[in-house]
Every structure is written in C-alpha cells, then in structure tokens.
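Take a look at the structure set out below.
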Amino acid sequence: MPALLAYGEAVTLPLALLPSPFLGPAVWRPVADVLRANGFDVLEVRAPATAPRSPADVLATYLGAIPTDVAVVVVPHSNAGLFVPAIVSSRRVGAMVFVDAGVPPRRGQFPLAPSDFRAFLAGLVDDAGQLPPWTRWWDADVSELFPSAAVRDRVEAEQHRLPLSYFSGAMSAPPGWDEGVAAAYLAFGDTYAEDRNEAVRRGWTVTTLSGKHLHMLVDPHPVAAAVGSMLGEMGIRPGRDVRM
C-alpha cells in the first residue's frame with residue numbers, strides 16, 4: 001500500500017475515534033471535545049442500537065462512521081485495535097494511533113481473544129450464553145477507572161451484553177496492512193505492555209502515560225495532547241491553527 005503522507009508534507013485528516021466493542025463512544029467523548037477545541041476534525045462512532053452478535057457487526061459499525069471518499073486517522077482503543085487491518089482494507093487510512101489497544105499480527109488469521117481469556121469468559125455467561133456488561137466482568141472494583149459516578153453511568157448506559165459466541169470468531173490481517181501507513185502507540189501504564197512492546201519492535205512512535213485502561217476519561221487533556229503530538233510527528237495537523 002503506498003504511503004499517503006510524503007516526507008515533510010503536512011496534511012489535515014479527520015480522526016476516527018474507535019471505542020472498544022464492549023463499550024461505546026462515551027469513553028472517547030472528553031478527548032473528542034478537547035481535540036475539536038484544538039482544531040481537529042473528529043469522527044465519533046455511534047453506539048449501535050442493538051448488541052453486536054459477531055465481529056462482522058462490530059466492523060460494520062466502525063465502517064459506518066468512516067467516510068469512503070477521504071483519508072482518515074484511525075484511533076482505536078482496547079479491542080477496537082483488532083479491527084484495524086479490516087478497516088485499512090476497506091477505507092483510506094492515512095495514519096493509525098493505537099491507544100491502549102491490541103495490535104494485530106502482520107498477517108494471517110488471529111483470534112478475538114486468547115484461549116485462556118475465553119475460558120474465563122465462559123464462567124461468566126448466563127443460561128442463554130450471554131455475557132454481563134463489561135464493567136461486571138471483573139472481581140476488582142472498577143470505579144477507579146472513572147472520574148465520577150456520573151461518567152460511569154454514561155459509559156455503562158452504552159454497554160451491550162455480547163454472546164460468548166462472539167469470541168469464537170477470528171479476524172484476518174492481510175499482508176502489508178501496516179506498511180506505508182504512519183503508526184503510533186499510546187499506552188496507559190502497563191495493561192497492554194505486550195502490545196506496546198510489539199509497537200516498539202515495528203518502529204512505531206510509542207508514548208506511555210501513567211494511568212489505567214480508561215485514562216481518557218480521567219485525564220482527557222494529556223491524552224488529547226499526546227495524540228496531537230504524535231500526529232504532529234507524522235505530519236498531521238489540525239484543520240484550524242490552534243495550539244494544544
């Protein structure tokens with residue numbers, strides 16, 4: 001795939017903020033507001049009206065938010081990262097910024113969850129094979145992931161219950177999906193340390209902020225600034241001349 005950004009060229013591209021399939025666009029909204037205030041054109045994925053039943057449903061939601069006629073920067077969080085190769089195959093992607101997200105392999109099929117995690121999830125399903133909402137998967141108190149009870153309520157209102165069968169699916173990474181596309185990785189602490197290390201191995205720009213998995217809710221200004229800084233290194237600028 002040819003590079004969309006020539007050396008030394010500065011361009012303006014809209015940013016597609018992709019939430020995890022298990023959550024919704026509320027997790028990105030504070031950062032989206034900061035980015036817009038600083039001149040970026042931000043596209044948000046709408047929360048689907050019904051729960052996705054398969055990876056194809058999730059991909060359709062993402063693609064529905066990304067125009068077909070312009071290049072974009074995809075900014076996936078968490079498991080949304082696993083869908084980037086399919087998005088690259090279907091849309092014009094000028095750059096990628098993975099945010100505490102899974103990094104797909106360079107080529108071939110890969111599972112949506114490793115076998116040990118699927119076994120963990122199997123212990124959570126009800127008699128109909130449905131998983132609880134994401135915030136109820138964990139034994140630990142997840143309240144520390146949110147800056148307030150009100151923000152948690154907004155995020156939880158967009159959660160869907162997925163079937164366990166969703167995790168039996170697999171995605172495919174076509175050879176060369178991550179070649180010729182500027183890429184960066186923003187980590188929150190060490191939750192996704194293995195994926196961050198893979199980004200380092202691929203030569204991506206990598207930044208780590210101290211925080212937990214939903215740090216974009218807790219401290220959106222530094223997250224937006226980090227994304228903006230990495231985009232600047234790629235030659236991508238805001239549509240308006242406003243400093244971060």
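From a predicted model like this one, the values you see are computed outputs, not experimental measurements. We count residues from 1, following the sequence as given.
Using a 4.5 Å cut-off on side-chain heavy atoms (C-beta onward), V223 and F188 make contact.
Listed for the D195 side chain is a donor-acceptor partner under 3.5 Å among the backbone atoms of V103. A distance-only check finds no donor-acceptor pair linking the side chain of S229 to the backbone of A225 [under 3.5 Å]. The main-chain N or O of L63 is found under 3.5 Å from a side-chain atom of R91 such that the two form a donor-acceptor pair. W177 contributes a side-chain N or O that, together with a main-chain N or O of P105, makes up a donor-acceptor pair within less than 3.5 Å.
With sequence neighbours left out, R161 forms a salt bridge (Lys or Arg N to Asp or Glu O under 4.0 Å) with D126. With sequence neighbours excluded, the residues forming a side chain to side chain donor-acceptor pair (under 3.5 Å) with T135 are E156, Q159, listed by chain and number. Considering only residues two or more places apart in sequence or on other chains, R106 meets the salt bridge (Lys or Arg N to Asp or Glu O under 4.0 Å) condition with D178.
Sorted by first and then second residue, the pairs that involve residues 184-193 and meet salt bridge (Lys or Arg N to Asp or Glu O under 4.0 Å), not counting sequence neighbours, are D190-R196. Every pair passing side chain to side chain donor-acceptor pair (under 3.5 Å) that includes a residue from residues 72-87 is listed here, sequence neighbours excluded: S78-Y192, S78-H213. A salt bridge (Lys or Arg N to Asp or Glu O under 4.0 Å) check over residues 205-232, counting only residues at least two apart or in different chains, returns the pairs E144-K212.
The environment of D139 atom CG is sparse: at most 12 non-hydrogen atoms of other residues, nucleotides or ligands sit within 6.0 angstrom.
A salt bridge links R36 and E44; the closest N-O separation between the charged side-chain nitrogens and carboxylate oxygens is under 4.0 Å. For the pair E198 and R202, the salt-bridge criterion is met [side-chain N within less than 4.0 Å of a carboxylate O].
Between Y185 and A101, the closest heavy-atom pair is OH-O, 2.6 Å.
By the 30° and 60° cut-offs, the orientation of the rings of W137 relative to F167 is perpendicular.
Hydrophobic clustering keeps L186 apart from V218 (ILVMFWY residues linked when any side-chain heavy atoms are closer than 4.5 Å, directly or through intermediates).
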